[in-house]
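Since the structure comes first, as structure tokens, the remarks are kept for the end.
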Amino acid sequence: MLCFMPGVAFIPALLVCWSSAAFIISYAIAVLGGHVEPLVPYISDTGTKPPESGIFGFMINISAFLGAATMYIRYLIIEKQNESSNFMSPSCNLIALCIGLLGCIGMGIVANFQELSVPSVHDGGALVAFGSGVVYIALQSVISFKSCPQWNSHCTCYIRMAISIVSCIAVIPSILFVYHIVKHEWPLPDLSRSYTSVVSSVFKSYALVSYYFFFWLGSGEESKEDSILRDS
């Protein structure tokens, strides 16, 4: 099967490296161009104006593809594991895949609809991406516990669950702050919107870091799982 080809576990690592580069490069160009403040800018602002908008959109589209590939490979691995161990219902694995792919679609929407051009579509895509991401890694954490100890160590299960909790704690406040930015009238609009944008950006950054760490951890664990399955 495709998911057991040597080196396929490199894809999650590539996803993390490429996505990190996408945000870092667009941030650097936006700061050098004077389009955003260097101190904790709102993430979407670093991909709004050209030339960084083109680079941001191009690289995030590839990240969405790599994310979908990573999730599909993970789905195939769990499916194969479940055939030999029968530790959960196959529908749970399929649901996790569908939610993960929905998050990748959200990433594509964020990449192709800039914040200032179509704000409602952009914000909707971000909500889908972050919300689906939280649910996906939470389901993967549950699946890890169900497959423990044959396919995962207890340490890996607890780390994945901790990352899920951190990402959930980060995403919920960021969504609430964005809601206040968009919907509420503030006594001091400029100051309040600036403050809430910074706080929302910080929480989103924490969520992104937790996602990246989750997939980076998965690249190492899946390579071990691949070797076990090939030997069995």
Side-chain angles (χ1 to χ4, degrees), residues 3-4 7-20 23 63-64 66-107 127-175 202-230 232:
C3 62
F4 305 127
V8 75
F10 175 71
I11 294 179
L14 178 61
L15 166 64
V16 174
C17 294
W18 182 271
S19 300
S20 300
F23 290 107
S63 294
L66 291 173
T70 298
M71 292 169 184
Y72 182 63
I73 290 170
R74 180 65 181 166
Y75 166 80
L76 293 177
I77 290 175
I78 295 173
E79 184 181 49
K80 188 65 175 179
Q81 291 173 346
N82 198 43
E83 287 178 2
S84 60
S85 304
N86 194 26
F87 53 84
M88 69 172 189
S89 170
S91 60
C92 181
N93 190 27
L94 180 60
I95 291 172
L97 174 64
C98 292
I99 292 175
L101 294 179
L102 183 63
C104 294
I105 294 173
M107 287 180 61
L127 178 62
V128 171
F130 280 98
S132 299
V134 169
V135 176
Y136 176 78
I137 64 176
L139 288 175
Q140 288 297 327
S141 300
V142 172
I143 292 173
S144 295
F145 273 104
K146 287 182 174 293
S147 63
C148 184
Q150 181 176 2
W151 301 109
N152 293 281
S153 65
H154 286 92
C155 179
T156 299
C157 294
Y158 288 123
I159 291 175
R160 284 176 174 169
M161 185 57 69
I163 295 173
S164 301
I165 294 172
V166 170
S167 64
C168 184
I169 293 173
V171 166
I172 292 176
S174 69
I175 294 174
V202 169
F203 278 116
K204 282 187 176 181
S205 298
Y206 274 116
L208 286 172
V209 170
S210 66
Y211 294 159
Y212 293 161
F213 188 67
F214 186 89
F215 286 112
W216 186 271
L217 174 67
S219 65
E221 289 300 316
E222 286 174 12
S223 63
K224 297 176 184 177
E225 293 166 0
D226 289 349
S227 61
I228 293 173
L229 284 168
R230 285 195 296 267
S232 62

Rounded to the nearest 0.5 Å, how far does OG of Ser63 lie from CZ of Phe23? 7.0 Å
Got a second to check how far Ser141's OG is from Tyr136's OH, nearest 0.5 Å? 10.0 Å
Measure the CH2-CD1 distance between Trp151 and Ile77 for me, rounded to the nearest 0.5 Å. 10.5 Å
With a 4.5 Å cut-off on side-chain heavy atoms, are Met88 and Ile78 touching? yes
Shortest non-hydrogen contact from Phe214 to Gln140? CZ-CB, 3.6 Å
Could you work out, with side chain to side chain contact (heavy atoms under 4.5 Å, CB included) as the rule, every residue matching Ser20, not counting sequence neighbours? Val16, Tyr212
By side chain to side chain contact (heavy atoms under 4.5 Å, CB included), which residues pair with Ser144, not counting sequence neighbours? Arg74, Asn152, Cys157, Arg160
Contacts of Val128 meeting side chain to side chain contact (heavy atoms under 4.5 Å, CB included) (sequence neighbours excluded), chain-then-number -> Leu102, Ser132
Test: side chain to side chain donor-acceptor pair (under 3.5 Å). Region: residues 96-105. Which pairs qualify, not counting sequence neighbours? none
Distance col, row Ile73:CD1 vs Ile11:CD1, nearest 0.5 angstrom, shows 3.5 Å
Going by the rule side chain to side chain contact (heavy atoms under 4.5 Å, CB included), which residues pair with Leu101 if we only count those two or more places apart in sequence or in a different chain? Ala68, Leu97
For residues 94-105, pull every pair meeting salt bridge (Lys or Arg N to Asp or Glu O under 4.0 Å), keeping only residues two or more places apart or in separate chains. none
Flag, side chain of Tyr75 to backbone of Cys98, donor-acceptor distance under 3.5 Å: no
Heavy-atom side-chain proximity of Ser19 to Leu15 below 4.5 angstrom: yes
Does Ile143 form a side chain to side chain contact (heavy atoms under 4.5 Å, CB included) with Cys92? I'd like the steps, not just the answer. CA-CA 8 Å; Ile143 292 173; Cys92 181; 4.2 Å; yes
Rounded to the nearest 0.5 Å, the NZ atom of Lys146 sits from the CG atom of Asn93 at a distance of 12.0 Å
Main chain of Ile137, side chain of Ser164: is a donor-acceptor contact present, judged purely on distance under 3.5 Å? yes
d(Asn82 CG, Ser89 OG) to nearest 0.5 Å is 8.0 Å
Within-4.5 Å side-chain heavy-atom neighbours: His154 and Pro149: yes
Ser167 to Tyr211 - nearest heavy-atom pair and separation: CB-CE2, 3.8 Å
